[in-house]
*Asks:* 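One structure coming up, written as structure tokens, with questions to follow.
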Amino acid sequence: RRFILGEWVAAEGRVYDFWDESMAGQLPEGPGQHWCISCDYGTVNPASFGLWGEWEGRWYRVAEYYYDARREGHQKTDEEYAEALERLAGGREIELVVVDPSAASFIEVLRRKGWWVRKAENDVLSGIRLTSDLLKAGKIVICEGCADCLREMESYEWVNDGSGHDVPRKENDHAMDEMRYFAMSVAAGHGTMPTACAVTRTTNWRGAAER
């Protein structure tokens, strides 16, 4: 109604309304060329980490870690989340960890443990547009095993904030946020990935990561 009929109407419905469960992918054969992790940090709210691997210029979200403190009845510390990230990496050569820019204490813990960390770009609406374009083009693919990310894809919705602006509802958005961080900070792509170093955690990604 906005773009065809020119009507000024509020957004409603799913953010990624083009998404269909048939778009979920499978892990490609062979070793990934590059590996990154994206993180949306939460203490009371859920924390979501996505493991991304690149095959021939296409990024696959191959595995995830998702922890809901309210549901589990126990909050985790930064150290415990760092251990979860280590397990998610599974010994792979992680070239960059992209983290929610507001998670200062978690970022510091990761840096002290030797991970290369980048504070994510966090323009929500631009990030959603970019993520939509990358999903439609098949440049980022969510694999079938990422159950919480796939669940959020179906329930991530627009809402009017009362001042005439359309914003995503702050529910079912934790995997959606870290997917958006990854899209803007990595998958959009500027330049080439470096050759992985023998010591994984000292690999600087595109010269732009912060330690």
Side-chain angles (χ1 to χ4, degrees), residues 15-40 47-67 81-99 110 113-118 120-121 127-128 130-156 174-209:
V15 171
Y16 299 115
D17 58 359
F18 61 87
W19 174 264
D20 182 87
E21 62 182 10
S22 65
M23 296 174 68
Q26 296 183 345
L27 182 65
E29 296 182 359
Q33 296 166 318
H34 302 286
W35 293 93
C36 296
I37 294 176
S38 55
C39 304
D40 184 53
S48 179
F49 305 163
L51 174 65
W52 298 86
E54 184 187 24
W55 277 262
E56 303 297 332
R58 180 174 295 180
W59 287 96
Y60 292 80
R61 191 180 190 277
V62 303
E64 66 182 8
Y65 170 80
Y66 194 97
Y67 184 80
Y81 279 135
E83 291 170 3
L85 187 144
E86 180 97 41
R87 290 192 297 271
L88 180 63
R92 298 174 180 87
E93 296 183 4
I94 305 299
E95 297 178 33
L96 185 68
V97 181
V98 181
V99 183
L110 292 180
K113 291 180 176 294
W115 298 99
W116 281 101
V117 180
R118 169 182 280 183
E121 298 181 43
I128 287 173
L130 175 61
T131 303
S132 295
D133 289 343
L134 293 172
L135 285 165
K136 290 175 182 177
K139 296 296 184 181
I140 59 175
V141 179
I142 305 170
C143 290
E144 293 174 347
C146 295
D148 283 295
C149 185
L150 293 171
R151 172 182 57 79
E152 288 192 3
M153 288 290 291
E154 298 290 345
S155 54
Y156 191 41
H174 307 286
M176 299 296 92
D177 283 349
E178 49 99 339
M179 178 174 67
R180 173 169 51 81
Y181 298 155
F182 178 80
M184 293 196 76
S185 302
V186 178
H190 302 285
T192 58
M193 294 286 283
T195 301
C197 295
V199 180
T200 302
R201 295 184 188 175
T202 58
T203 305
N204 194 349
W205 187 79
R206 292 178 183 165

*Asks:* For a quick test of reading the model, state the closest non-hydrogen atom pair linking E64 to D148 and the distance between them.
*Replies:* OE2-N, 2.7 Å
*Asks:* State, to 0.1 Å, how close A63 and C146 come at their nearest heavy-atom pair, and which atoms those are.
*Replies:* N-SG, 3.8 Å
*Asks:* For the pair E152 (side chain) and M176 (backbone), establish whether a donor and an acceptor sit closer than 3.5 Å, ignoring hydrogens and angles.
*Replies:* yes
*Asks:* With side chains defined as the heavy atoms from C-beta onward, is the minimum distance between E121 and L130 less than 4.5 Å?
*Replies:* no
*Asks:* Using side-chain heavy atoms (C-beta onward) and a distance below 4.5 Å, is E56 in contact with Q33?
*Replies:* yes
*Asks:* So, for A175 and S48, which heavy atoms are closest and what is the spacing to 0.1 Å?
*Replies:* CA-OG, 3.3 Å
*Asks:* Decide yes or no for Y81 and L110: does some side-chain heavy atom of the first lie under 4.5 Å from some side-chain heavy atom of the second?
*Replies:* no
*Asks:* How are the rings of F49 and Y65 set relative to one another: parallel (under 30°), tilted (30 to 60°) or perpendicular (over 60°)?
*Replies:* tilted
*Asks:* If I take atom CD from residue E154 and atom CG from residue D20, how far apart are they, to the nearest 0.5 angstrom?
*Replies:* 7.5 Å
*Asks:* Which residues pass the ring-ring contact (aromatic ring centres under 6.0 Å, His included) test with F182, sequence neighbours left out?
*Replies:* W52, W59
*Asks:* Return the CD to CG distance between E144 and L27, rounded to the nearest 0.5 Å.
*Replies:* 10.5 Å
*Asks:* Less than 4.5 Å apart, side chain to side chain, heavy atoms only: is that true for W55 and E29?
*Replies:* no
*Asks:* To the nearest 0.5 angstrom, please state how far the CD atom of E86 sits from the CD1 atom of I37.
*Replies:* 9.0 Å
*Asks:* Please give me the minimum heavy-atom distance between C36 and I94, naming the atom from each residue.
*Replies:* CA-CG2, 4.3 Å
*Asks:* Show the nearest heavy-atom pair for residues V117 and L96, with the distance to one decimal.
*Replies:* C-CD1, 4.3 Å
*Asks:* Considering residues at least two apart in sequence or located in another chain, which fulfil the ring-ring contact (aromatic ring centres under 6.0 Å, His included) criterion with W19?
*Replies:* none
*Asks:* Would you call the rings of F18 and Y16 parallel, tilted or perpendicular, where under 30° means parallel and over 60° means perpendicular?
*Replies:* perpendicular
*Asks:* Does the side chain of L85 reach to within under 4.5 Å of the side chain of K113, using non-hydrogen atoms?
*Replies:* no
*Asks:* Do Y156 and M179 have side chains that get closer than 4.5 Å, going by heavy atoms?
*Replies:* no
*Asks:* Minimum heavy-atom separation for C149 and I142, please, with both atom names.
*Replies:* SG-CD1, 3.7 Å
*Asks:* About how many Å separate CG of L134 and NZ of K139, when rounded to the nearest 0.5 Å?
*Replies:* 9.0 Å
*Asks:* Under a 4.0 Å N-O cut-off, is there an ion pair linking D177 with R180?
*Replies:* yes
